[in-house]
2 protein chains.
Amino acid sequence: MQKRQLGPCVTFFPQPTTLVSTVGIGGAFDVMTASWVSIVSKTPPTLTVSLNRGRLTYEQIRDTGCFVVNMVPAKLAGEADYCGLRSGRDRDKLAVSGLTPVKASRVAAPLIAECPLNVECRLLREVELGEYALVLGEILEIHAVEAAFGEDGGIDAGVFDPLVYLGGIREYWSLGDLAGIAYRDGKRFYAGEQGP
Amino acid sequence: MQKRQLGPCVTFFPQPTTLVSTVGIGGAFDVMTASWVSIVSKTPPTLTVSLNRGRLTYEQIRDTGCFVVNMVPAKLAGEADYCGLRSGRDRDKLAVSGLTPVKASRVAAPLIAECPLNVECRLLREVELGEYALVLGEILEIHAVEAAFGEDGGIDAGVFDPLVYLGGIREYWSLGDLAGIAYRDGKRFYAGEQGP
């Protein structure tokens with residue numbers, strides 16, 4: 001496979017498109033788009049969000065010690081993109097985009113009602129990374145849209161329709177087809193193993 | 001939107017399916033599947049991989065100070081899944097899965113030839129997270145499949161066909177349709193803003 005070297009840059013691994021909702025000391029809500037988001041631990045359940053340290057979202061997380069990471073469904077790509085273009089210092093992004101903040105159960109930051117998955121987090125610690133801060137949040141509670149649960153308790157990811165972001169090339173993509181089941185499909189290679 | 005509370009758990013934000021390739025002190029290569037991967041900074045370009053601290057991959061990264069993060073295309077879902085099921089302590093996963101290690105340009109860890117994007121990293125630091133370690137890697141070089149580049153220099157993400165992993169529900173998904181262009185589609189909300 002012929003390849004081209006790009007040098008050191010930020011690249012386009014598929015990442016989640018999320019809205020990070022926060023609250024300021026005075027009680028005002030804000031929201032911004034983030035795709036540099038990852039689950040990083042089960043012990044305890046923890047996620048990271050990397051934020052530019054000049055962002056209002058970062059200031060509010062430090063001030064109030066909490067935030068909510070909301071999954072963006074594909075149909076809200078435009079709204080999510082808007083929330084990445086403007087700053088909450090200048091605009092009421094929730095009002096302009098029509099997104100609805102609702103009360104969370106464990107933290108003061110709001111859930112975004114239109115998002116099918118909301119993850120309530122408390123600030124655990126942060127790691128400075130040049131102009132960015134890697135914010136580690138302990139997951140305290142998760143809200144998932146009821147319509148996605150089947151009678152057997154299984155979850156239909158199609159109901160969430162999560163929007164994927166490809167950084168570097170700056171494209172939003174929807175999910176296509178189920179391509180495999182983890183912890184199962186790889187077992188077909190066991191037959192080719194030698195030894196015990 | 002009616003929702004169900006799941007309690008604190010690891011959830012299914014879309015994450016990249018990657019193969020992390022490493023080299024041990026003795027020169028033997030290993031590879032494992034990782035989806036807790038994220039770009040986290042541009043200053044300098046940095047990514048994170050969260051690894052269970054008992055993994056051979058983690059041991060080799062600490063021993064040799066480098067690793068490569070390889071993008072898994074949808075057609076290699078089974079091979080990638082296999083590399084998450086077994087340990088390199090017991091098996092030669094590259095040989096069993098038929099994946100080909102090739103020489104990188106800046107680090108001793110190998111690229112995986114069949115992966116359309118390879119990101120060479122040097123270990124910057126790590127953050128302990130219970131049973132896991134969040135490994136921060138400075139991106140030193142990136143190799144991208146030549147066939148994805150158009151005459152205008154643009155990149156066709158469809159050629160990469162990156163495999164998305166939904167943790168929690170343990171499903172691999174391919175990408176579907178282009179759902180939007182970032183830093184552009186949100187501008188349609190500007191007309192609804194008030195004030196300057």
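In the text below, chain A, chain B and the rest are named by the order of the sequence lines, each starting its count at 1. No hydrogens, no waters, no symmetry mates; every other heavy atom, side chains included, goes into these values.
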Query raised in the report: Hey, is the main chain of Ile39(A) close enough, under 3.5 Å, to the side chain of Gln15(B) for a donor-acceptor pair?
Result: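 Side chain of Gln15(B) to backbone of Ile39(A): a pair is present.
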Is [X] in contact with chain A via its backbone, its side chain, both, or neither, using a 4.5 Å heavy-atom distance?
| X | answer |
| --- | --- |
| Leu47(B) | side chain |
| Leu136(B) | side chain |
| Thr17(B) | neither |
| Thr33(B) | neither |
| Val102(B) | neither |

Rounding to 0.5 Å, atoms CD (Glu146(B)) and CD (Gln2(A)) come to a distance of 6.0 Å
Residues 112-121 of chain A vs chain B, non-hydrogen distance cutoff under 4.5 Å, contacting residues -> Ile112(A), Ala113(A), Glu114(A), Cys115(A), Pro116(A), Leu117(A), Asn118(A), Val119(A)
For residues 173-185 of chain A against chain B, heavy atoms under 4.5 Å, the residues are Trp173(A), Ser174(A), Leu175(A), Gly176(A), Asp177(A), Leu178(A), Ala179(A), Gly180(A), Ile181(A), Ala182(A), Tyr183(A), Arg184(A), Asp185(A)
Who are the salt bridge (charged side-chain N to carboxylate O under 4.0 Å, His left out) partners of Glu126(A), not counting sequence neighbours?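 Counting only residues at least two positions away or on another chain, Glu126(A) forms a salt bridge (charged side-chain N to carboxylate O under 4.0 Å, His left out) with Arg62(A).
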Quiz prompt | Ile139(A) vs Cys9(B) side-chain heavy atoms within contact, under 4.5 Å | solution = no
Inset, instruction - Verify the distance criterion only: is there a donor paired with an acceptor across the side chains of Glu141(B) and Gln5(A) at less than 3.5 Å? - result: yes
| request: Indicate whether the side chain of Ser41(A) and that of Glu131(B) have a donor and an acceptor atom separated by less than 3.5 Å. | output: no
Applied to residues 62-116 of chain A, the ring-ring contact (aromatic ring centres under 6.0 Å, His included) test, sequence neighbours excluded, yields Tyr82(A)-Phe189(B)
With chain B, the option among Gly130(A), Pro14(A), Ser50(A) that has the most non-hydrogen atom pairs under 4.5 Å is Pro14(A)
